[in-house]
Amino acid sequence: MSRATSIPQPAGADQPPNEAEAQSPSVRIIDARTAIDELIFAEDPWYALPLERQRELSDALIRQALREHLERCPSYRDYYARSGAAEPGAVALADIPLVSTRVFKFADLRSVEAHEVERWYRSSGTSGQPSRVPRDRASLERMVGSVHGSVGLLADWDEDEVAVINLGPGREHVEDVWFQYVMSLIEALYRSESRVPRDEAALDEIIGLAQSLLDDYEHLIVVGPPFHVLDLCEHMQRRGVELQAGEGATILTAGGWKRFGGRAIPKQEFRAVVARQFGLRGEGQVRDVFNQVELNTVLFECEAHEKHVPPWVHVAARDPETLQPVPEGEEGMLSYLDASCSAYPCFIVTEDVGVVRRGRCACGREGTRVDVLRRLESRAAKGCALKMGQIHANG
Amino acid sequence: MSRATSIPQPAGADQPPNEAEAQSPSVRIIDARTAIDELIFAEDPWYALPLERQRELSDALIRQALREHLERCPSYRDYYARSGAAEPGAVALADIPLVSTRVFKFADLRSVEAHEVERWYRSSGTSGQPSRVPRDRASLERMVGSVHGSVGLLADWDEDEVAVINLGPGREHVEDVWFQYVMSLIEALYRSESRVPRDEAALDEIIGLAQSLLDDYEHLIVVGPPFHVLDLCEHMQRRGVELQAGEGATILTAGGWKRFGGRAIPKQEFRAVVARQFGLRGEGQVRDVFNQVELNTVLFECEAHEKHVPPWVHVAARDPETLQPVPEGEEGMLSYLDASCSAYPCFIVTEDVGVVRRGRCACGREGTRVDVLRRLESRAAKGCALKMGQIHANG
Amino acid sequence: MATKTKTLPSVVCGTVVRSAPAGHHTSTTVTGHELRVPLLAMSDVDTILADGPRDRLAELPTQEIVNFLYAAGQNWKSSEYVRRRLYIRELINQLGYSPEMAKLEANWIAMILSGYAGLYDIIASELGHRFILDEWIPREEAQVRAYPKGRSLHIMPGNVPFSAVVSVVRALVTKNQVIAKSSSEDPFTPVALAQSFADVDADHPVTRALSVVYWPAGAPGEAGERIVAASDVICAWGGQSAVDWARKAARPDAEVVRFGPKRSLAFVDAGERPEDAARGLAHDVCFRDQRACFSSQQAFVRPSPAQLVPALSEALDNYTEILPPSAQGFDDRGARALTLAEARFLGFSCWEAKDGSWAIIHCPPSFAAQHPLSRTVYLHDWPADLDPGAQVTGDTQTVALFPWAKLRPIRDAVCRAGVSRVVESGMSNVFRPGGAHDGMFPLQRMVRFASTELPSAYVTKVMTVKIEQTKFLEQDRFVEFIP
Amino acid sequence: MATKTKTLPSVVCGTVVRSAPAGHHTSTTVTGHELRVPLLAMSDVDTILADGPRDRLAELPTQEIVNFLYAAGQNWKSSEYVRRRLYIRELINQLGYSPEMAKLEANWIAMILSGYAGLYDIIASELGHRFILDEWIPREEAQVRAYPKGRSLHIMPGNVPFSAVVSVVRALVTKNQVIAKSSSEDPFTPVALAQSFADVDADHPVTRALSVVYWPAGAPGEAGERIVAASDVICAWGGQSAVDWARKAARPDAEVVRFGPKRSLAFVDAGERPEDAARGLAHDVCFRDQRACFSSQQAFVRPSPAQLVPALSEALDNYTEILPPSAQGFDDRGARALTLAEARFLGFSCWEAKDGSWAIIHCPPSFAAQHPLSRTVYLHDWPADLDPGAQVTGDTQTVALFPWAKLRPIRDAVCRAGVSRVVESGMSNVFRPGGAHDGMFPLQRMVRFASTELPSAYVTKVMTVKIEQTKFLEQDRFVEFIP
């Protein structure tokens with residue numbers, strides 16, 4: 001559990017930790033550990049649990065979180081009351097009133113006192129107006145814990161034998177403090193170097209660095225936004241460089257799948273290019289992680305390219321009109337109930353369209369998986385009627 | 001003299017040599033060598049001759065050329081007659097009627113039969129309309145001879161110990177066959193590699209090549225248009241590369257001193273940058289050569305950065321109104337009387353503004369030097385009155 | 001949903017081309033059908049850029065062009081006209097229009113093509129004289145004539161078929177060749193228009209002047225780049241990226257006419273005639289399902305939004321009946337569901353149609369930054385101290401007012417702040433002759449004006465003698481003639 | 001030649017600024033003097049981009065602006081006005097103008113500033129009504145008003161002081177703030193103009209609206225880029241690179257008004273009145289020494305060029321006397337010397353003034369590809385079968401004709417081929433109200449038009465009932481109203 005004390009400072013943090021906490025770091029969390037913390041910080045990974053056990057945990061943890069937020073967050077409590085939902089013990093998870101992620105653009109939503117907020121995280125998100133999302137110490141520690149507890153989905157490396165090159169953030173994320181923080185968590189696990197591939201010289205340097213780290217370490221992780229990884233591969237192509245990483249590298253993407261200019265990158269094609277340029281043994285070594293500023297948990301892709309959802313998060317794909325869950329395997333608007341978040345009621349419905357699957361994954365693990373397919377894009381937004389929130393290109 | 005037989009084929013030549021000549025190469029020139037050929041192809045360099053001897057030779061050779069062109073070129077003969085100039089024996093060199101170089105845009109000017117023209121050379125020049133200049137075998141051989149006979153102004157290298165990197169031509173000279181030809185002459189003297197610095201990858205490669213040639217050869221010559229050399233130096237700067245050439249390299253520029261975008265490069269600043277980036281012992285190792293498509297002789301810069309003019313060329317700076325020579329050291333429009341050209345009357349006045357000096361040079365040699373300062377740029381051309389020939393940027 | 005594939009032709013100088021040497025672009029319509037359109041091919045470009053199609057049109061008298069359009073419009077007007085019937089069917093089947101909306105769209109196409117008097121009035125009011133494209137027209141101390149710029153490229157809107165037709169008609173009446181780059185959202189309208197021209201006269205210069213081509217937004221390829229480079233005018237409709245692309249891609253001396261994204265809103269005083277107020281607002285909300293730039297998205301309401309809701313609900317229900325909405329795709333429905341969830345969380349009152357065809361949200365103006373369109377009306381309070389000018393920007397196109405007589409004074413404040421058009425509520429879709437479009441008179445951008453200036457014998461207003469400049473200089477008298 | 005250094009100030013919102021925190025740009029004038037102009041500084045930009053200077057002007061009635069310009073013009077008209085005297089002296093000493101040319105330039109500045117009636121006529125003929133910038137003007141079924149675009153940046157011409165003033169006046173009468181980026185060839189005119197405004201009233205909104213700044217062509221630096229980004233209109237004068245730069249640098253939604261390089265020529269039938277023909281042509285050649293785009297460079301002459309030469313030589317000599325040419329720099333003289341050498345080599349007949357002030361070359365039109373300007377006239381044969389339209393392109397601005405009555409029919413051929421202006425020979429420099437400039441009416445580019453469209457109660461020309469769209473839909477009657 002000692003890992004929990006090693007929270008990296010948020011990148012570019014502009015608020016010092018509260019003084020009281022500076023004196024006795026992390027004391028409150030370590031002492032007040034609840035069922036959810038036991039799960040998040042467990043030695044045995046959550047993804048080894050049987051499906052049924054995951055379901056039970058999920059139900060209990062989310063109901064407990066719901067009770068706490070109804071108690072602590074007046075605006076959510078009012079919303080809950082207006083919605084006519086049954087009381088927390090009786091409500092179906094599908095009927096828990098959802099907060100649209102876009103609300104974070106308009107309102108400050110929190111379940112903790114103002115002084116308990118470690119930081120407000122901003123995300124440029126899909127439109128001009130940024131979202132502002134609060135995080136308290138407990139939420140941040142759980143976030144770190146969930147990364148530690150889930151990274152095993154990628155592989156089981158010896159910490160000392162892994163080096164990381166972090167590509168980014170690029171200019172599109174410079175103000176996106178949350179994205180930087182999540183990247184820093186992944187980076188913090190191992191020896192790492194940060195390089196922004198802002199020009200040809202930087203790309204050349206990254207190639208050289210990758211080559212030397214491949215020589216010196218058992219395993220190299222390159223982590224970055226997809227288009228930066230693609231820039232790097234295209235640069236290697238132009239330079240005629242093909243690395244020979246074999247099993248010795250994992251390429252980890254995080255962030256938007258649209259390039260500047262707005263076109264989406266087809267993921268399979270992307271994996272093929274990356275595997276070829278790095279000389280990987282297989283495309284299974286190209287993985288993606290998912291997070292968004294309003295969600296407190298990072299979702300990792302297994303070797304079958306499925307994103308596994310831990311039991312403290314309940315995910316559903318919902319009908320675009322009724323917001324009720326659609327049958328398993330059908331496209332819907334993705335919603336998350338994340339019990340790991342104590343700072344605000346993380347019961348959210350997002351602008352992402354995706355598919356949810358449960359049961360046994362091709363990787364062999366049991367559990368819930370989510371496939372994030374695309375952003376909601378209103379047809380109207382393409383016309384001459386100005387849909388104000390969408391002036392800027394989608395991420 | 002055997003060198004004269006080694007004329008390189010004009011780069012990209014699209015006309016095969018005349019059949020008769022293919023059977024007995026160069027026969028006419030070798031046999032019919034005149035005073036001028038003895039001078040051009042002499043073992044002892046012309047620049048070692050005393051000033052007075054250079055003057056005598058100049059006067060005699062140019063008068064002889066004038067007589068020949070009056071005989072063979074009807075359009076020049078008519079022009080001469082209309083001008084009222086004295087007969088060839090009596091006319092002052094300053095009064096020989098001059099042909100504006102822009103005439104080559106309008107008229108085909110030649111003193112040889114059509115079938116004797118080896119090739120018409122084009123130059124994009126200073127305006128949209130290209131010049132077309134004919135060359136016969138004799139003119140081309142003398143051109144080659146003049147390069148061989150003048151290259152000693154640079155230094156006295158052992159042919160086998162010199163390697164050349166030829167940067168170019170860039171896209172601005174792609175259709176400029178004459179420029180390519182002149183570059184190929186310089187290149188043909190030594191072992192050489194041609195590289196167009198069209199992108200970052202090519203620049204990287206050139207740096208690597210330069211480094212390895214410096215290691216393998218006693219002397220490296222890098223020859224190219226000034227802005228290509230500057231591109232290379234700026235790229236080295238970005239890459240943090242500084243070569244350590246010492247005395248082992250000469251950087252030779254040829255071509256226009258304006259960059260894309262139209263600004264002139266200050267030559268002294270240019271030499272300083274190049275010397276630093278290549279790690280030269282001194283700026284004397286950065287030299288320039290001058291030629292233009294209408295001129296049959298290449299002018300080389302000595303270590304004092306003065307361009308020496310061989311005795312078969314008479315150069316003058318002229319008043320912009322009367323076209324009479326201005327006093328030595330004053331700016332004027334440059335004119336050349338080049339006796340080495342048999343293909344057309346090379347008695348030309350150009351759009352270049354410059355200064356002519358005679359006597360002993362700082363390098364110690366005696367003779368005539370020319371400093372080409374800039375292109376004529378009519379003030380009117382900057383206004384909204386369309387001066388049609390000047391729509392395109394000056395070279 | 002069963003997927004059917006529909007393959008559209010391109011039109012090259014009036015001729016329907018079904019081959020696609022450069023391949024097809026495939027997309028999926030809102031109704032789930034696969035739609036294939038030919039990509040522009042080099043051979044098409046050769047035909048389009050020949051001099052003939054451009055020059056034959058330039059030599060036609062204006063009235064011949066107007067008459068030709070009228071003939072095409074008369075066909076469009078007839079419910080028996082097969083092209084109209086096919087067009088309506090495609091709008092319904094492929095683009096999910098309700099039959100009533102599809103028919104209305106066809107009627108509006110008939111309206112603009114047939115509106116010969118309106119066309120003459122537009123030419124006269126924008127260019128100065130009905131015959132200015134044919135003859136020299138005196139104007140002050142000169143005579144002026146308008147010549148076509150030459151070739152016009154139209155980056156077509158995908159949201160409003162009518163706008164596509166307007167763009168083409170403006171170019172044709174100013175005698176410009178037209179290359180319509182259709183939108184993948186609506187490739188039907190320009191093709192149907194071109195075919196209806198050929199139905200009138202397949203070899204008419206107007207028919208030959210119209211080509212309909214396709215390339216994916218922002219990716220013209222080599223063939224498209226040739227078209228762009230040869231275009232003297234580019235009319236760019238659509239989202240920000242489309243209009244910015246046009247400006248960047250255009251030749252430096254080409255005219256780029258931008259119809260970029262805009263929003264529109266209403267000011268409604270419903271105190272006296274709430275039913276009339278509601279009817280006008282409902283029309284401006286329902287017409288084209290808020291997909292047009294002139295559609296009202298928001299309304300500032302007096303005496304109070306809540307009081308207007310019953311009448312507005314009824315008026316919107318009436319529109320659901322007389323002009324049912326088009327099919328809403330997954331994303332459009334999702335956008336509205338999110339908006340309603342947000343509004344409810346924020347405690348705003350929301351009203352929804354039982355069948356989901358419309359929604360009303362009573363919210364502050366700041367909430368308008370999220371608007372899902374699709375017949376969703378945001379009602380805002382309108383306190384006495386509200387500055388109407390502060391509610392609009394240069395992005396605001398049309399401000400609709402009710403009642404007209406009472407609110408017309410508002411126009412000064414909103415137009416100073418950037419609004420380009422003020423109308424009576426319920427009239428947003430009617431662009432009257434004489435009015436400007438997005439701040440300009442577009443016909444002025446389609447032509448090159450030439451002038452003949454009066455010779456020296458004609459005195460100016462401020463001089464009573466002939467203009468003998470040499471004499472004035474000789475006698476040093478110039479200064480006398482300075483007023 | 002003794003070199004003197006002249007340092008000019010910049011003008012920031014009407015205030016003369018002599019400090020230069022960003023340093024100076026130094027150049028050498030044709031008369032060999034060193035000229036220093038301050039480079040635009042960030043602190044200047046802050047002042048210029050404040051709202052005040054823009055908004056105060058926008059609220060002024062048009063007539064107040066015109067009256068203010070008139071007051072400034074009345075000063076310029078007076079030979080006692082110190083600003084005029086200084087300006088004339090600088091044109092002579094620094095730019096090498098002859099005293100007569102410098103005085104004429106000052107007179108023309110007085111003329112445009114004082115020409116209130118002409119300004120009203122230009123507003124009326126370009127925008128549709130004299131009061132359209134102040135009031136709502138009925139136009140067909142709408143009411144129209146013109147608002148300023150806001151901020152205008154002027155990339156100033158270096159060749160024609162008068163054009164610089166025209167550019168500023170057009171922007172001011174349309175109530176646009178003006179940032180004049182002066183040319184290093186003539187930094188005097190815009191500064192003198194701004195100072196003459198301050199002489200009338202240093203705090204007047206028109207005075208405050210004018211700033212004069214400098215950056216080297218194509219290199220605005222960070223400060224200049226802020227100005228460019230804040231400019232709603234850019235008027236770009238000068239060479240191809242200047243106008244292309246403006247288009248590239250401008251904000252995508254900014255209007256770019258291009259006055260790029262053009263040439264002009266004449267058609268002269270000298271058969272009946274050779275002296276009059278010669279006088280007109282000589283005027284159009286000598287006025288501003290052919291530096292203007294409207295200056296005649298070539299003339300097609302009947303019955304034969306040679307016959308016109310005696311009268312033309314005399315007329316040109318007369319102009320040498322009444323309007324002596326400005327000093328010709330080394331390069332200008334060199335350009336003409338080369339041209340004459342070429343012409344002589346090619347066997348063309350050449351005539352030169354004894355003092356070198358003019359030259360005539362009788363040559364084929366193809367030789368016009370080289371033109372040295374500086375009062376050099378190319379005379380071409382004009383055979384009966386020559387197509388005037390084939391002698392011009394879109395690059396040809398003004399075609400001058402003599403005699404007017406006989407040759408006016410030529411205008412159709414040349415204007416169809418791209419010419420934008422046809423005048424009587426000898427009148428090239430007089431831009432009459434009502435005429436177009438380079439194919440457009442520039443004032444239309446300086447404003448944003450807003451319109452109020454008539455409400456539903458007003459019937460259209462093609463309907464005799466009110467526009468009740470809801471009722472039409474309810475009763476399915478729309479199609480009845482299609483003409």
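Since the model is a prediction, treat every value here as computed from it, not as a measurement.
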- Item | Approximate separation, where rounding is to 0.5 Å, of D/T452 OG1 and C/L401 CG | 8.5 Å
- Mind checking the NE2-CG spacing from D/H283 to C/L473? Nearest 0.5 Å is all I need. 6.0 Å
Selection from [options] maximising heavy-atom pairs under 4.5 Å formed with chain D:
options                        : result
C/R145, C/M440, C/R416         : C/R416
C/V399, C/I467, C/V422         : C/V422
C/E474, C/Q444, C/E255, C/R408 : C/Q444

Side chain proximity check, [X] to [Y], heavy atoms < 4.5 angstrom:
X      : Y      : value
C/P483 : D/Y116 : yes
C/V256 : D/R247 : yes
D/M427 : C/E453 : no
C/H437 : D/F449 : no
D/F481 : C/N107 : no

Which region of [X], side chain (C-beta onward) or backbone (N, CA, C, O), has a non-hydrogen atom less than 4.5 Å from a non-hydrogen atom of chain C, or is it both or neither?
X      : value
D/A110 : both
D/D412 : both
D/Q74  : side chain
D/D476 : side chain
D/Y70  : side chain
D/E321 : neither
D/L104 : side chain
D/V144 : side chain
D/K461 : side chain
D/K149 : side chain

Chain C contacts, top residue of [options] (heavy-atom pairs, under 4.5 Å):
options                        : answer
D/E424, D/Q469, D/K77          : D/Q469
D/D438, D/L323, D/D253         : D/D253
D/V447, D/N318, D/V243         : D/N318
D/F287, D/Y147, D/W136, D/W108 : D/W136
D/C415, D/A142, D/A436         : D/C415
D/T398, D/I112, D/N429, D/V419 : D/N429

Can a side-chain donor-acceptor contact be found between [Y] and [X] if the only test is distance below 3.5 angstrom?
X      : Y      : value
C/S125 : D/E140 : no
D/T470 : C/R279 : no
D/Q143 : C/R411 : yes

Counting distance only, does the side-chain N/O of [X] pair as donor-acceptor with the main-chain N or O of [Y] below 3.5 Å?
X      : Y      : value
D/R448 : C/S420 : no
C/R432 : D/P455 : yes
C/R258 : D/P252 : yes

- Answer yes or no for C/R139 and D/F441: cation-pi contact, defined as NZ/CZ to six-membered ring centre under 6.0 Å and angle to ring axis within 45°. yes
- Query: Which atoms of C/K103 come close to chain D, meaning under 4.5 Å heavy atom to heavy atom: side chain ones, backbone ones, both, or neither?
  - Reply: side chain
